[in-house]
Amino acid sequence: MKDSDFCLVPRGRRLGSYRFLESLTFACIPVILSDGYILPFSEIINWSKCALHIMEKDFKKIPRLLRNISFKKKNKMRKYCIEIFKKHFSSLDTILEKTYEILQKRIKNLVQTKFNKSKSLD
């Protein structure tokens with residue numbers, strides 16, 4: 001994995017796949033082969049900078065798609081994988097901190113939405 005540019009991350013039995021975070025650990029660009037897979041922390045991470053999401057029906061196109069990615073873009077994506085892993089997934093504390101941040105934002109948005117709705121009804 002550590003010597004690969006791309007790592008295939010097929011759909012798992014659950015919502016996610018351990019291969020996803022494992023690929024980030026090794027700066028291996030995740031090639032997610034799954035319909036409807038929602039990436040973690042997608043509210044604060046621009047996953048298109050470091051991962052490829054491919055529909056299951058398009059799996060035969062993977063070799064061509066990967067060959068068309070330039071060396072420069074691969075290097076940028078791999079660097080972003082490392083950055084994302086360190087910033088968001090390097091420890092349980094980091095994961096919990098980011099989860100808490102996202103929940104705070106969601107609650108704040110929900111409260112503001114409810115407040116604005118009730119205010120407009122007055």
Side-chain angles (χ1 to χ4, degrees):
M1 227 182 216
K2 68 180 179 175
D3 296 327
S4 299
D5 288 327
F6 301 100
C7 292
L8 187 62
V9 181
R11 175 180 45 147
R13 290 183 183 161
R14 296 179 192 92
L15 293 175
S17 170
Y18 71 90
R19 287 181 194 91
F20 178 70
L21 287 181
E22 191 175 51
S23 68
L24 293 178
T25 304
F26 291 106
C28 186
I29 300 163
V31 178
I32 302 150
L33 184 61
S34 178
D35 299 343
Y37 182 63
I38 298 170
L39 296 170
F41 303 153
S42 59
E43 292 163 271
I44 58 174
I45 299 172
N46 182 355
W47 286 110
S48 65
K49 289 184 175 183
C50 71
L52 302 170
H53 199 143
I54 298 172
M55 302 298 285
E56 292 173 27
K57 68 178 178 64
D58 294 331
F59 76 95
K60 290 182 181 179
K61 297 177 185 177
I62 292 173
R64 181 177 46 83
L65 292 169
L66 300 184
R67 277 193 300 271
N68 288 333
I69 297 174
S70 71
F71 180 78
K72 186 178 178 179
K73 184 171 181 175
K74 278 191 274 190
N75 280 340
K76 276 185 174 180
M77 291 176 82
R78 292 185 79 178
K79 286 178 184 175
Y80 198 63
C81 284
I82 294 168
E83 185 182 319
I84 291 297
F85 181 78
K86 286 180 179 176
K87 189 174 180 180
H88 301 287
F89 301 103
S90 59
S91 70
L92 182 58
D93 285 343
T94 306
I95 293 168
L96 291 172
E97 181 182 311
K98 295 301 172 181
T99 302
Y100 181 70
E101 274 179 43
I102 289 170
L103 288 174
Q104 277 185 312
K105 286 180 184 180
R106 285 181 186 176
I107 291 168
K108 182 180 176 184
N109 289 339
L110 183 65
V111 168
Q112 284 178 336
T113 302
K114 294 271 188 189
F115 177 76
N116 290 339
K117 275 187 178 180
S118 67
K119 195 173 182 180
S120 67
L121 294 175
D122 291 341

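Among residue pairs with one or both ends in residues 78-87, those qualifying as side-chain hydrogen bond (donor to acceptor under 3.5 Å, both in side chains) are D5-R78; sequence neighbours excluded.
The distance from the SG atom of C7 to the CG atom of L24 is 9.0 Å, given to the nearest 0.5 Å. For the atom pair I95 CD1 and S90 OG, the distance stands at 8.0 Å (nearest 0.5 Å). Taking CG of L21 as the start and CD1 of I84 as the end, the distance is 11.5 Å to the nearest 0.5 Å. Note: I45 CD1 to H88 NE2 = 4.0 Å, rounded to the nearest 0.5 Å. Atoms CD and CG, from E101 and L103 in turn, are 10.5 Å apart once rounded to the nearest 0.5 Å. Rounding to the nearest 0.5 angstrom, the gap separating the NZ atom in K74 from the CE atom in M77 is 10.5 Å.
F85 and I29 fall into different hydrophobic clusters, where Ile, Leu, Val, Met, Phe, Trp and Tyr are joined by side-chain heavy atoms under 4.5 Å apart, directly or via other members. When hydrophobic clusters are built by joining Ile, Leu, Val, Met, Phe, Trp and Tyr residues whose side-chain heavy atoms come closer than 4.5 Å, directly or via intermediates, L66 is not grouped with I32. Using a 4.5 Å cut-off between side-chain heavy atoms of Ile, Leu, Val, Met, Phe, Trp and Tyr, with links allowed through other members, V9 and Y37 fall into the same hydrophobic cluster. Note on I62: it does not cluster hydrophobically with M55, by side-chain heavy-atom contacts below 4.5 Å among ILVMFWY residues.
Residues D35 and E56 approach most closely at OD1-N, 2.8 Å, considering heavy atoms.
Taking the ring centroids of F20 and W47, they lie under the 6.0 Å cut-off.
Side-chain contact between L52 and F6 is present, with at least one heavy-atom pair separated by less than 4.5 Å. Contact check for D3 versus F26: no side-chain heavy atoms found under the 4.5 Å cut-off. You'll find the side chain of I69 stays beyond 4.5 Å of the side chain of L65, heavy atoms only.
A salt bridge does not link R19 to E22: none of the charged nitrogens lies less than 4.0 Å from a carboxylate oxygen.
In this structure, C28 and C81 have their SG atoms no less than 2.5 Å from one another.
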Please test N109 against R106 for side chain to side chain contact (heavy atoms under 4.5 Å, CB included), starting from the C-alpha separation and ending with a verdict.
CA-CA 5 Å; N109 289 339; R106 285 181 186 176; 5.8 Å; no
